[in-house]
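Structure first, commentary second.
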2 protein chains.
Amino acid sequence: MNKTICGCNKCNHKLCTQRVSIFSSLNIEQLEKVGELINHKEYKKGDLLIMEGESSESLVIINEGQVKAFKTTQDGREQILYIFSEGDFFGERNLLRDFASPYSVEALEETHVCLIHKSDFQILVKSFPDIAVKIMEELCQRLDRLEHALETMGARTVEARVSSVILEFAEKYGKEHPKGILIELPLSREGIANYIGLTRETVSRKMSLLQSEGILEMIGNKKILLLDRVALEKNIE
Amino acid sequence: MNKTICGCNKCNHKLCTQRVSIFSSLNIEQLEKVGELINHKEYKKGDLLIMEGESSESLVIINEGQVKAFKTTQDGREQILYIFSEGDFFGERNLLRDFASPYSVEALEETHVCLIHKSDFQILVKSFPDIAVKIMEELCQRLDRLEHALETMGARTVEARVSSVILEFAEKYGKEHPKGILIELPLSREGIANYIGLTRETVSRKMSLLQSEGILEMIGNKKILLLDRVALEKNIE
DNA sequence: TTATTATTATGAACCACGTCACAGTTTTTC
DNA sequence: GAAAAACTGTGACGTGGTTCATAATAATAA
């Protein structure tokens, strides 16, 4: 069984399929059936799951861990497009036709994924049309995120861009804390820079500025304590 | 009948549904049935089809004409996200749940649209699951476009951004011409600037530069003759 | 056509971000 | 826990894009 391939206790088929929204319309029996079609794979931090231009044969569902999806521009920059976490998927472009991956995907930490082969997925969609609708919803959310990102990238002031990312991360990775919101950053300063199209130095400087203004507090390199959310939101306006 | 509402000869139900890819899996009888659910509407240049934040009850399919979809940023800038032409649709976010429109849409010229009401569309998807798959494909294309746009916006040089738009427009609106590719611009200089996050002046200057380099020739304000496509492509690298 | 309006081109000055360099700090590894 | 490696902060400087102002041109109306 695949269970043994993975080994972790979280990652048996039932849970694996249950935690993904695209299968949320299926009942338990159906989920088990889907589970039989799934393969598992593990990656270490820094491992590439797929390279831009490569064609993959599977839909990839993140079961544990975190990855970044990015394009490498001709001038060598890395433009990060998405950060996928548990329950997110990618590879949907390949499912219906034969497309090359529009981006590379790299593990930001130890990551476990579920794989469904293209051909299996096509059968699945025919049997359970609701899956297509769910994917549609998920794609719409992704469009929302990109549209918002584009708006951010076009922002006149760099201050607004940095503030915007911090707020985004606060939403996604923030936890309550007596003094404010504690954010575990998924990216380094350089990663953040590549996410919003700036340089590492500029991000550093702006974050220092925000700290000196008492808006946030940097805790080591990987955490931020957001003290004054309202002030950040004003920065965007 | 709705035919009379519209009045144009292109825009009878059959053609209206036939020219849209999301209905391409349907046969003629089915298309006629869909046609009965459709309403028509016309807009003049400058008219707003929908405002950001408004919730619409329909999927809107462009039947004739051209529109721009944009967000108005808090600092007053207008970030253009899409230019929709014949066969494109918008309003898909509202179909399944009750979402507000993520952007405003304004007619760039006389524009005729087909409207399908949310409730009708939901029934349609249940009867013809392939429609969801088609929409999925279309959404994937839109993701491609946005991902590419984000990469462009992050580009170090402004030259690359301007070159990138001109190439995009050449693909979409270019016609063969003895000297190169004749492009009918859908946007003014200011519009182009709002599309790639620059100022009107910078776009002007860069285009003048490209003209002086013999890469293109500006014909009035609304046309460009692209003389050296290869040189433009090199600009992006 | 001419008059009017809208759009575009271009110059000059400013300043913010990128670049380069290096010191300081955090994180990882053994 | 110490050493190595990776990452971050910050100063100085130059460049290029924005801003503001104005002239020139194109599109539209009369």
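Here is the naming used below: chain letters follow the sequence lines, and residue numbers restart at 1 for every chain.
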Which part of the nucleic acid, if any, lies within reach of A:K45 when heavy atoms closer than 4.0 Å are counted: base, sugar-phosphate only, or nothing?
-> nothing
Rounded to whole Å, the CE-C1' distance (A:M207 to D:dC7) equals 13 Å
Taking atom C1' of D:dG17 as reference, at what distance in whole Å does atom CD of B:E159 sit?
-> 13 Å
For the pair made of CG in B:L198 and P in D:dG16, what is the distance, rounded to whole Å?
-> 15 Å
Could you tell me whether A:S204 contacts a base, only the sugar-phosphate backbone, or nothing, with contacts defined as non-hydrogen atoms closer than 4.0 Å?
-> base
Assign A:M218 to base, sugar-phosphate, or nothing according to its heavy-atom contacts below 4.0 angstrom with the strands shown.
-> sugar-phosphate
Just wondering, do A:Y173 and A:S85 contact through their side chains at under 4.5 Å, heavy atoms?
-> yes
Any salt bridge between B:E109 and B:K44, counting N to O under 4.0 Å?
-> no
Do the side-chain N or O atoms of A:S208 get closer than 4.0 angstrom to the phosphate oxygens (OP1, OP2) of D:dT10?
-> yes
Considering only C:dA9, D:dG9, D:dG17, which nucleotide approaches the side chain of B:R189 most closely?
-> C:dA9
Rounded to the nearest angstrom, tell me the gap between atom CG in A:L108 and atom C1' in D:dA6.
-> 16 Å
For the pair made of CD in A:E109 and C1' in C:dT27, what is the distance, rounded to whole Å?
-> 16 Å
Cationic tip of A:K172 above A:F169 ring, under 6.0 Å, 45° of axis | no
Would you find more than 12 non-hydrogen atoms of other residues, nucleotides or ligands less than 6.0 Å from A:K223 atom NZ?
-> no
Just call it for A:K206: base, sugar-phosphate, or nothing, with non-hydrogen atoms closer than 4.0 Å on any strand.
-> sugar-phosphate
Rounded distance (Å) that lies between atom P of D:dC7 and atom CD1 of A:I219 = 20 Å
Quick one: which protein N/O atoms are closer than 3.5 Å to N/O atoms of nucleotides 11-13 of chain C? Pair and distance per line, please.
{"unit_1": "C:dG11", "atom_1": "N7", "unit_2": "B:R205", "atom_2": "NH1", "d": "3.1"}

Within the pair B:K222 and D:dT28, is there a side-chain N or O less than 4.0 Å away from OP1 or OP2?
-> yes
Would you give the length of the straight line joining atom NE2 of A:H177 to atom CD of A:E217, rounded to the nearest 0.5 angstrom?
-> 8.5 Å
Report the base-pairing partner of D:dG14 (Watson-Crick or G-U wobble, both distances below 3.5 angstrom), or none.
-> C:dC17
For atom CZ of B:R200 and atom C1' of C:dA9, their distance in whole Å = 9 Å
Which one of A:N235, A:T152, A:T157 satisfies the side chain to side chain donor-acceptor pair (under 3.5 Å) criterion with A:S163?
-> A:N235
Any B:K41 side-chain heavy atom under 4.5 Å of B:H112 side chain | no
Out of C:dT7, D:dC7, C:dT19, minimum distance to the side chain of B:N221 belongs to C:dT7
For A:Y82 and B:E147, test the side chains for any donor-to-acceptor distance below 3.5 angstrom and give the result as yes or no.
-> yes
A:K223 or A:T157: which one's nearest nucleotide on DNA chain C is closer to the 5' end?
-> A:T157
With a non-hydrogen cut-off below 4.0 angstrom, is B:T202 in contact with a base, only sugar-phosphate, or nothing?
-> base
Nearest whole angstrom, please: distance from the P of C:dA16 to the CG of A:L209.
-> 12 Å
